[in-house]
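First up is the structure itself, then whatever we jot down about it.
For ligands, and for the atoms within them, numbers begin at 1 and follow the listed sequence.
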Amino acid sequence: MTERIVQTIRTVPELRDAIAARRANGATVGFVPTMGALHSGHCALIERAAREHDVVVVSIFVNPTQFNKAEDLEQYPRDEQGDANAAASAGATICFTPSVEEIYPTDFASSVRVRGPLTETLEGQERGVGHFDGMATVVTILLNVVAPDVVYFGAKDAQQALVVRRFTADLRIPVEVVTADTVRDADGLALSSRNARLSAGGREQALAISAGLQAAAEAISDGSATSPKDVAAVGVERLRAAGITPEYFAITDAETLEPARQLSGKLLIACAATVDGVRLIDNLTVIANREAATANR
Ligand code: PAF
């Protein structure tokens, strides 16, 4: 049984009723949470969910509590109709587009916090742990109202996906968390809703981010770097050559996000940088200490 008629729903009771009706017919539910400005990366997640489930719910909600800068929230691209069309074409069944008041009523007073390096390093250090509190809280609310079998995240936000895995396990939220590979343009730039704000020159400059990550991964696989510090230096050099000073260029354990002490096991190479006034993040996961280290792009 496969249903592909997109329905836009704005309230929690209506969403619960719509999903319950489909569940009653035996449907399984895949869920793709988004903040809109859908690009091919989101569409790949929706298409995968549509291949794997009868019902695909896509939430489109620019979550104010995960932004640490008011101007970043204001400038976040919004295109409800374009998003609904893109979600429908990719195979969504339901678009959930709640108002801020629907998610956070005036008496709302709760928060979900994951402690430790998963939230305090990298993005947590740069944007403040409040970013992940806001993300974890809204994703918990969305998981509670959608109650999907599987929720899909992109590997570009690797830290976010790890945080979601942690709190869904800790809070016993009965959902499978899938992290799908980052979708890139042919020249390597990781797809992001923020790319729309890059000028042509800024986009060209931003290519140094994926190139820097790739150079760092190669320095591990060809043995030319022998410590995490050397690997980071290779990547940073590539960014600096393009006139970019990264906020961080880190080599960490891919599961715990603790700084890597040596080049072995599954490592995350993660970078954040502002290019052309647009803050971008990207990462690669590599398996070190193998004859040929493999980079998961
Ligand atoms: O990755 C995003 O777009 C957001 O962080 C998410 C998961 C939709 C929560 O607001």
Side-chain angles (χ1 to χ4, degrees), residues 12 15 30-46 48-49 56-69 72-80 82-84 86-87 90 92 94-100 102-104 108 110-114 118-119 122-124 126-146 148 150-168 171 173 175-183 190-197 270 272 278-283:
V12 169
L15 180 65
F31 176 42
V32 182
T34 81
M35 296 206 296
L38 299 188
H39 52 65
S40 306
H42 295 113
C43 292
L45 296 179
I46 299 168
R48 175 161 174 191
V56 178
V57 180
V58 176
S59 63
I60 297 173
F61 178 66
V62 183
N63 176 34
T65 65
Q66 69 187 78
F67 286 82
N68 59 334
K69 288 189 185 146
D72 204 16
L73 173 61
E74 270 159 36
Q75 287 170 3
Y76 204 84
R78 291 165 172 86
D79 175 12
E80 190 181 310
D83 286 340
I94 295 172
C95 274
F96 180 49
T97 55
S99 63
V100 172
E102 185 68 17
I103 297 297
Y104 300 113
F108 189 91
S110 303
S111 179
V112 175
R113 167 164 293 187
V114 173
L118 281 187
T119 54
L122 307 178
E123 288 301 286
E126 294 301 322
R127 302 174 76 175
V129 288
H131 163 67
F132 285 116
D133 292 354
M135 183 281 292
T137 303
V138 80
V139 172
T140 301
I141 295 167
L142 293 169
L143 289 175
N144 279 336
V145 300
V146 177
V150 180
V151 62
Y152 297 83
F153 290 90
K156 187 177 79 65
D157 296 299
Q159 186 170 13
Q160 167 169 278
L162 288 169
V163 172
V164 172
R165 281 180 191 280
R166 182 73 270 146
F167 75 74
T168 52
L171 302 179
I173 299 176
V175 66
E176 182 189 338
V177 180
V178 164
T179 309
D181 287 351
T182 301
V183 178
L191 297 193
S192 162
S193 304
R194 292 166 187 255
N195 293 355
R197 285 167 45 209
V278 183
R279 189 173 186 279
L280 301 171
I281 60 170
D282 196 359
N283 67 76

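When each atom of ligand 1 is checked for a heavy atom of V138 under 4.0 Å away, the hits are 9 (C), 10 (O). Ligand 1 places these atoms under 4.0 Å from at least one heavy atom of T34: 8 (C). With ligand atoms numbered from 1 in the order given, ligand 1 contributes 4 (C), 5 (O), 9 (C), 10 (O) to contacts under 4.0 Å with heavy atoms of Q66. The distance from ligand 1 to the heavy atoms of F153 drops below 4.0 Å at these ligand atoms: 7 (C).
Using a distance-only test at 3.5 Å, with no hydrogens or angles considered, no donor-acceptor pair links the side chain of S40 to the main chain of C43. Judged purely by atom type and a 3.5 angstrom limit, R127 has no side-chain atom pairing as donor or acceptor with the backbone of N68.
Ion pair R48/D181 not flagged as a salt bridge, since none of the NZ, NE, NH1 or NH2 atoms sits closer than 4.0 Å to an Asp/Glu carboxylate oxygen.
For the 3.5 Å distance criterion, the side chains of R166 and T119 fail to qualify, holding no donor opposite an acceptor.
In this structure, Y76 and F67 have perpendicular ring planes: the angle between them is above 60°, well past the 30° mark.
Remark: minimum distance from atom 5 (O) of ligand 1 to any protein heavy atom is reached at Q160 OE1, 2.6 Å.
In terms of polar-atom proximity, D157 is not counted as a contact of ligand 1, lacking any N or O under 3.5 Å from an N or O of the ligand.
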